[in-house]
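Throughout, numbering of the chain's residues begins at 1 and tracks the sequence. What you see below is based on every heavy atom in this structure, not just the backbone, and it leaves out hydrogens, waters and symmetry mates.
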Amino acid sequence: MPRFPAFFRAAVMAVAALLLSLPAYARQDASAAQPAAQASSGVYYEIFVRAFYDSNGDGIGDLNGVTQKLDYLKSLGVSAIWLMPINPSPSYHGYDITDYEGINPQYGTMQDFKRLLDEAHKRGIKVVMDMVINHTSDQHPWFKAALNPKDPHHDWYVWAKPNSDLKAISATGGPAWHRAPNGQYYVGVFTSAMPDLNYDNPAVRKEMIDVGKFWLREGVDGFRLDAAQHIYDDLRSDMDSPVALQKNVTWWTEYRHGLEAVNPHVWLVGEVARQNPDDLTPYMGPLNTVFNFPVATQLINSVKQERNLGIGKGLEYTYVAYRAHDRGEFDDAPFLSNHDQERVMSQLDDNMAHMRLAAALLLTLPGHPFIYYGEELGMQGTKPDEDIREPMRWYRNGHGAGVAQWKGWSTSDGPDISVQAEQADPDSLLNLYRTLIGWREQISALRDGVLHNVPVDDPHVLAYMLQDTQSRVLVIHNLSRDTRTVSLAADAHVTTVLKQSGQGAVLGAGKISLPPYATAILQ
């Protein structure tokens with residue numbers, strides 16, 4: 001469970017009165033500023049392009065493949081897609097970039113990317129790029145030039161000084177210092193193939209802002225900022241350094257201001273892989289939001305244990321702190337897993353009932369929930385990383401047009417775990433995801449509401465109120481394998497089961513009865 005330090009308690013007291021009458025706040029983006037025929041779900045969908053859909057038969061997923069599957073994504077109900085790195089790179093994953101203004105030729109061309117942007121926007125789907133600017137590839141022309149101490153690019157990277165501890169451990173747990181071909185040592189927080197850039201150099205800061213502006217001018221809606229905490233958080237000794245934190249926040253503030261010159265509504269979500277909410281809050285303001293790693297852990301653990309591990313109370317504290325830190329505005333990016341973590345279904349030991357419950361928990365939280373491709377099918381996947389980034393399962397037999405073949409499958413998923421099989425099954429996980437995402441389109445409080453925890457004596461039940469200017473709902477989850485009956489407080493003021501994840505929820509006489517693993521939205 002996350003800690004709630006004095007900062008959070010103070011924040012609650014400072015803004016509690018405001019929350020009682022606070023309408024839903026969320027940063028507006030370019031499309032949100034325009035009237036829309038249908039409300040957005042606010043759900044984002046993470047895509048590893050290499051694994052998603054192969055349009056030209058070379059075995060590698062590509063940008064045209066994503067374009068061809070936009071109607072699938074539209075039918076799922078997502079509002080935006082996050083593309084993992086699409087820039088040129090010597091690696092399969094792309095997190096070591098050699099050209100920040102280019103397209104990986106294995107994925108297509110700039111023309112292909114522009115077509116994807118156009119077709120996505122026609123469908124009301126935004127496109128967010130992975131922006132990997134903490135480090136470059138060691139094959140980047142900048143780093144190659146930097147090997148010459150007299151080249152201006154030398155100071156674009158972090159080199160050892162006479163008093164540097166060359167045995168220091170990086171913030172990610174490996175060696176921090178790596179020897180370059182010129183005999184000098186440089187910082188690479190992740191690996192020797194990913195030398196860290198020196199953000200104390202104004203030329204680096206300007207270049208990276210210019211890179212962001214370039215993609216915004218091409219039509220990108222925003223960025224997922226890789227390793228957002230590691231711009232200055234390089235060594236293990238930096239991990240709790242207020243100096244490193246403040247320098248990170250100062251940089252991202254400068255970055256946002258630079259990008260807003262091109263698109264005042266640019267949307268930024270940061271990867272800050274920390275498990276305590278107080279480590280996330282300082283990034284609210286310079287960024288729209290950060291991925292909510294603490295709640296991801298808590299959701300999975302609560303589902304596995306079939307107990308409420310303080311989710312509602314934790315989120316209420318966190319969201320109050322977010323608003324207090326960001327002038328009353330609010331956004332969040334909850335998720336269950338991503339490309340760096342074992343897939344949800346594997347974490348839940350292939351328990352479909354638990355998977356369905358986890359989906360319901362995620363998609364009834366305010367903000368912008370993120371789904372990892374294939375999660376909606378129940379795809380499994382465990383480390384190493386390649387095995388959690390496997391080809392999307394489109395067909396029952398695993399073969400057919402568009403199936404990426406950059407690697408084989410390592411899991412025991414059968415033919416039922418496929419789009420082809422689940423499309424036709426009204427009770428499938430895929431169709432549950434569609435239903436839950438549809439709720440978000442219909443009920444604005446699920447997207448934008450202020451969350452108030454509703455204490456329940458039963459440890460197997462989670463309840464919270466969500467309220468915005470348009471709607472007020474009570475969300476109740478039965479986390480257990482048994483039917484649970486919950487007494488409702490007199491001030492709950494609910495009379496109707498507006499939505500439920502299955503059948504059998506019964507509301508009456510101040511109580512609600514919920515079937516096993518069920519979710520109900522009461523109004």
Side-chain angles (χ1 to χ4, degrees), residues 85 87-89 95-102 130-166 168 170-172 175-216 223 225-235 237-239 241-262 268 270-272 282-283 286-287:
N87 305 106
S89 168
Y95 281 97
D96 47 345
I97 290 171
T98 57
D99 179 3
Y100 282 98
E101 295 184 359
D130 221 316
M131 187 59 68
V132 188
I133 58 175
N134 173 72
H135 53 265
T136 70
S137 168
D138 64 350
Q139 301 302 306
H140 197 292
W142 299 342
F143 187 72
K144 291 182 177 181
L147 297 177
N148 178 359
K150 297 181 180 180
D151 189 286
H153 289 93
H154 184 76
D155 193 43
W156 284 38
Y157 295 87
V158 182
W159 299 94
K161 298 176 181 178
N163 61 345
S164 297
D165 177 7
L166 299 181
S170 81
T172 59
W177 296 97
H178 310 277
R179 187 174 182 179
N182 65 1
Q184 290 187 285
Y185 285 81
Y186 61 91
V187 167
V189 168
F190 291 93
T191 72
S192 61
M194 301 178 180
D196 278 42
L197 287 162
N198 173 20
Y199 276 86
D200 285 332
N201 186 332
V204 171
R205 299 200 300 272
K206 179 181 183 302
E207 179 67 27
M208 287 314 184
I209 290 172
D210 287 345
V211 166
K213 289 179 175 180
F214 170 84
W215 290 108
L216 291 176
F223 304 108
L225 302 169
D226 181 67
Q229 75 196 72
H230 293 303
I231 298 297
Y232 287 100
D233 180 358
D234 294 333
L235 307 179
S237 57
D238 295 329
M239 291 178 64
S241 164
V243 175
L245 173 61
Q246 186 54 55
K247 292 181 79 171
N248 278 336
V249 170
T250 299
W251 153 247
W252 289 121
T253 301
E254 180 182 347
Y255 184 75
R256 166 173 284 285
H257 289 162
L259 299 192
E260 286 178 337
V262 173
L268 303 176
E271 180 196 26
V272 181
Y283 291 88
L287 309 182

Let's go through Y157 and V204 carefully: what are the C-alpha distance in whole Å and the side-chain angles of both, what is the deciding distance for side-chain contact (heavy atoms from CB on, under 4.5 Å) to 0.1 Å, and is it a yes or a no?
CA-CA 9 Å; Y157 295 87; V204 171; over 6 Å; no
For a side-chain contact (heavy atoms from CB on, under 4.5 Å) check, start with the C-alpha distance between I209 and F214, then their side-chain angles and the critical distance, and finish with the verdict.
CA-CA 9 Å; I209 290 172; F214 170 84; over 6 Å; no
Of the non-hydrogen atoms in G270 and A228, which two are nearest, and what is the gap between them?
CA-CB, 4.2 Å
Within a strict 4.5 Å, meaning less than it, do heavy atoms of the Y283 and L245 side chains meet?
yes
H153 and W156 aromatic ring geometry - parallel, tilted or perpendicular at 30°/60° bounds
tilted
Please name the residue in the list D234, D238, V158 that meets the side-chain contact (heavy atoms from CB on, under 4.5 Å) test with V189.
D234
Sidechain-backbone polar pair: W177 side chain, D165 backbone, donor-acceptor under 3.5 Å:
yes
Please determine, by modelled atom types, if D99 and N87 share a side-chain donor-acceptor pair under 3.5 angstrom.
no
With under 30° as parallel and over 60° as perpendicular, where do the rings of Y100 and W142 fit, or are they tilted in between?
parallel
Answer with yes or no whether the side chains of E254 and T250 bring together a donor and an acceptor at under 3.5 Å.
no
State, with a plain yes or no, whether a side-chain heavy atom of R256 is found less than 4.5 Å away from one of L268.
yes
How about Y186 and D138: does a side-chain donor come under 3.5 Å of a side-chain acceptor?
no
Before giving the answer on side-chain contact (heavy atoms from CB on, under 4.5 Å), spell out for L259 and F223 the whole-Å C-alpha distance, their side-chain angles and the decisive distance to 0.1 Å.
CA-CA 11 Å; L259 299 192; F223 304 108; 3.7 Å; yes
What's the shortest heavy-atom distance between M208 and Y255, and which atoms?
O-CE1, 3.7 Å
4.5 Å side-chain heavy-atom contact, W251 and I133:
yes
